[in-house]
Amino acid sequence: MEILAEDRFRINSYRKVARLIRDMPTDIEEMLSTGKLAKTPGIGKSSLAKIEEFVTKGTITAHQQLLKKIPSELLELLKIPGVGPKGVKALYENLQVKSMKDLKKVLSKNLVAELPGFGEKKAAAIAKGIEFLEKSTGRILLDEALEASELVGEFLEKLSGIKKIQPAGSVRRMAETIGDVDILVAAKDGKRIIQAFTGAEFVREVIASGPTKGSAIVQTEACPVHVDVRVVPKESFGAAAQYFTGSKQHNVRLREIALKAKLKLNEYGLFDKKDKIIAGSSEEEIYERLGLDYIDPLLREDRGEIEAAQNHKLPKLVQLKDIKGDLHMHTNASDGDNSIKEMAEAARQLGYKYICITDHSKSSAIANGLSAKRLANQIKQIHKLNEKIKGIRILAGSEVDILANGSIDFDNKLLADLDFVIVSIHSGMASSREKVTTRTLKAMDNPYINCIAHPTGRLLGQREPMDIDIAAVIKQAAETGTALEVNANPWRLDLKDIHCKMAVEAGVKLAIGTDAHNTEGLWLMEYGVATAGRGWATNADVLNTLTLSKIQKFVKNKRPK
DNA sequence: GCCGTTTTCGGCCCGACTGTTTTCAGTCG
């Protein structure tokens, strides 16, 4: 519709509906049949009819008609940085470009530069954009983004005249993947700071450089990262932090609220009718002047946090310092690098009161999974170690495979000797929705199983999640007293934020585990805590904020009396 | 297309940077 230059407000409505559906924590058909979808603000009569049509027929007539006008390959071109709908329209209408291949052809014939509104530079930028697109993997993982953010942050700190530095954008919201890294700086002489940034040693390519904003590709050890640095006066720092932290949807809502109150909100502050600034130096005062409680960056996704802030109903999110132990880790007995003792001592350094050793079970042969006999020995070893080690308690556990036929890799007699049992699927992940769901539900019926590890099995950027009925898994977890893991590894973050929110709403306990394979892996906890926080989890929702005795009680409650 | 304590019609968030322009459109976030 954008390429066809249709009404932009109409387009915006569709965008909003698409986002609402994507973020919906509940099954869309269920939302439709219960009438909740019809009541969702932003979804009106027309969209509702189209969704109904899609649910019953699998297609939408209006969408089919659009596809007749715009070949779907053409939409690929929108992914090229610097090419928008107007550019695509011009290429399509004037040069009959229908695909990436066509575009490359007309570029090589120098036809693009001659189009009205284009030019040599624009054509070169498009060629470069295609090159970038072809070699980039798109979004990067959270830990990679944080590395870039720290690298640039440390460089900026050393410059003179800098009052404050604050990572913003999706990095600050700890989103599961990051498109680019935003860093905010309070200073007077923006041009000098931007020039220092774009001239820094780690910058591989400069994309833009102005008096308030610089944009560049930064080379970190792991990968190239797109970093934007923005300079604002310190009076506007709070407004800028709020603005650049986003999310975009959250900001749109805030500006609508401002508008209704006859105010104007932008990155420089909150202004009254006479353009007089009434808030801007801190985020807190901006939220306050808009009649909202302060909203944690983790929640700023327009997923109900604004309404909660208006009604003083925001949750007090779980914090890293509240975590008392780690319930998922491996040792050199299976595929880890360190001994039980080394893991325990590293965990004690982090201030933990307990850990659970969860090496793989025998069917994970690649990971050197433990046989029943080896596990029995490990349990004895842990009991001995507990007598000697001070300041931390080591729980004997296992990450037991749920086999392809749905059975559990160890029998209950052995599981009963463990303190805490997690299970997971490592094989047959591509099988049908019914199969993977049934395997998981059945495992939860077992009274010795306390937690489902990485419930969807996804690996960000590498492997799609299993086609599992997450709503059914959550329901069963609530009914059986089984916890669901929030795997803290940045590759996994599984459960993900919106699934955490569903689980929290269903009263399911989350177990945030690092799945560490060495002592350094224990440091990944912060990513899991952030993901749980993005799912609105409080301490009460997180199993490993509890004391050891309460964890033991949680296990005991499920076992036969 | 969606919405309503100014409105059922007429609005809909806002600014920086770039390139192609002589005053602005397109793209991005």
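The structure displayed is predicted, hence computed values, not measured ones. By convention in this document, chain letters (A, B, ...) are assigned in the order of the sequence lines, proteins followed by strands, and residues within each chain are numbered from 1.
Regarding Phe244(A), its CZ atom lies at a distance of 18 Å from the P atom of dC13(B), rounded to whole Å. Between the CG atom of Leu115(A) and the C1' atom of dT21(B) there is a distance of 16 Å, rounded to whole Å. Distance CD1 (Ile11(A)) to C1' (dG26(B)): 14 Å, rounded to an integer number of Å. Between Arg15(A) atom CZ and dC2(B) atom C1' there is a gap of 16 Å when expressed in whole angstrom units. Distance Asp182(A) CG to dC28(B) C1': 11 Å, rounded to the nearest Å. For the pair His250(A) NE2 and dC14(B) P, the interatomic distance rounds to 16 Å; values are reported in whole Å. In this structure, CG of Leu270(A) is placed 14 Å from C1' of dC14(B), rounded to the nearest angstrom. Look at CD on Glu53(A): it is 13 Å from P on dG1(B), rounded to the nearest Å.
Distance check on atom C1': dC12(B) versus dT7(B) gives 13 Å, rounded to whole Å. A gap of 23 Å separates the P atoms of dT5(B) and dG1(B), to the nearest Å. Using C1' as the reference atom, dG26(B) and dT20(B) are 11 Å apart when rounded to the nearest Å. A distance of about 13 Å separates the P atoms of dA25(B) and dT21(B), rounded to the whole Å. As rounded to the nearest Å, dT23(B) and dT18(B) have C1' atoms that lie 15 Å from one another. The C1' atoms of dT8(B) and dC2(B) are separated by 12 Å, rounded to the nearest whole Å. On the P atoms, dC3(B) is 36 Å away from dC17(B), given to the nearest whole Å. Comparing the C1' positions of dC28(B) and dC13(B) gives a spacing of 14 Å, expressed to the nearest Å.
At dC28(B), none of the side-chain N or O atoms of Lys248(A) fall inside 4.0 Å of OP1 or OP2 (strictly under the cut-off). Using a 4.0 Å cut-off, no side-chain N or O of Ser47(A) falls inside it from OP1 or OP2 of dG1(B).
The environment of CZ in Phe54(A) is sparse: at most 12 heavy-atom neighbours from other residues, nucleotides or ligands sit within 6.0 Å. A 6.0 Å sphere centred on CZ of Arg433(A) holds more than 12 heavy atoms belonging to other residues, nucleotides or ligands.
The aromatic rings of His250(A) and Tyr287(A) sit tilted, their planes meeting at an angle between 30° and 60°.
Among the candidates Arg230(A), Arg172(A), Lys213(A), the single residue satisfying the salt bridge (charged side-chain N to carboxylate O under 4.0 Å, His left out) test with Asp182(A) is Arg230(A). Partner of Asn487(A) under the side chain to side chain donor-acceptor pair (under 3.5 Å) criterion, out of Thr456(A), Asp515(A), Asp494(A), Thr514(A): Asp515(A) alone.
Residue order along DNA chain B, read from the 5' end via each residue's closest nucleotide, puts Ile43(A) first among Ile43(A) and Leu263(A). When the nearest nucleotides of DNA chain B are assigned to Lys79(A) and Leu265(A) by heavy-atom distance, the more 5′-ward of the two goes with Leu265(A).
If you check the side chains of Glu485(A) and His454(A), you find no donor sitting under 3.5 Å from an acceptor. Gln319(A) and Asn539(A) share no side-chain donor-acceptor pair at under 3.5 Å.
Although no hydrogens or angles enter the test, the distance criterion places no donor-acceptor pair under 3.5 Å between the side chain of Arg255(A) and the main chain of Asn266(A).
Across all strands, Val83(A) comes closer than 4.0 Å only to sugar-phosphate atoms, never to a base (heavy-atom distances). Contacts of Gly87(A) with the nucleic acid, taken as non-hydrogen atoms under 4.0 Å apart, involve only primed sugar atoms and P, OP1 or OP2. Within the nucleic acid shown, Ile194(A) has no heavy atom closer than 4.0 Å to any nucleic acid atom. Using a 4.0 Å heavy-atom criterion, one finds that Lys16(A) contacts no nucleic acid atom at all.
Looking at Glu157(A) and Lys164(A), no side-chain N of the basic residue comes within less than 4.0 Å of a carboxylate O on the acidic one, giving no salt bridge. A salt bridge links Glu307(A) to Arg253(A): one of the charged nitrogens lies within less than 4.0 Å of a carboxylate oxygen.
In this structure, OG1 in Thr220(A) is found 7.5 Å from CG in Leu151(A), a value given to the nearest 0.5 Å.
The side chain of Val252(A) approaches dC13(B) more closely than any other nucleotide in the set dG29(B), dT27(B), dC13(B).
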Could you go through nucleotides 15-19 of chain B and list every protein N or O atom that sits under 3.5 Å from one of its N or O atoms, giving the distance for each pair?
from, atom 1, to, atom 2, distance (Å)
dG15(B), OP1, Lys264(A), NZ, 3.4
dG15(B), OP1, Asn266(A), ND2, 3.1
dA16(B), OP1, Tyr268(A), OH, 3.0
dA16(B), O3', Thr212(A), OG1, 3.0
dC17(B), OP1, Thr212(A), N, 3.1
dC17(B), OP1, Thr212(A), OG1, 2.9
dC17(B), OP1, Lys213(A), N, 2.9
dT18(B), OP1, Ser209(A), N, 2.9

Taking N or O atoms only and anything under 3.5 Å, show me the protein contacts with nucleotides 5-12 of chain B, one pair per line.
from, atom 1, to, atom 2, distance (Å)
dT6(B), O4, Lys262(A), NZ, 3.4

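Pairing for dC12(B) is with dG1(B), a Watson-Crick or G-U wobble pair whose two hydrogen-bonding atom distances lie under 3.5 Å.
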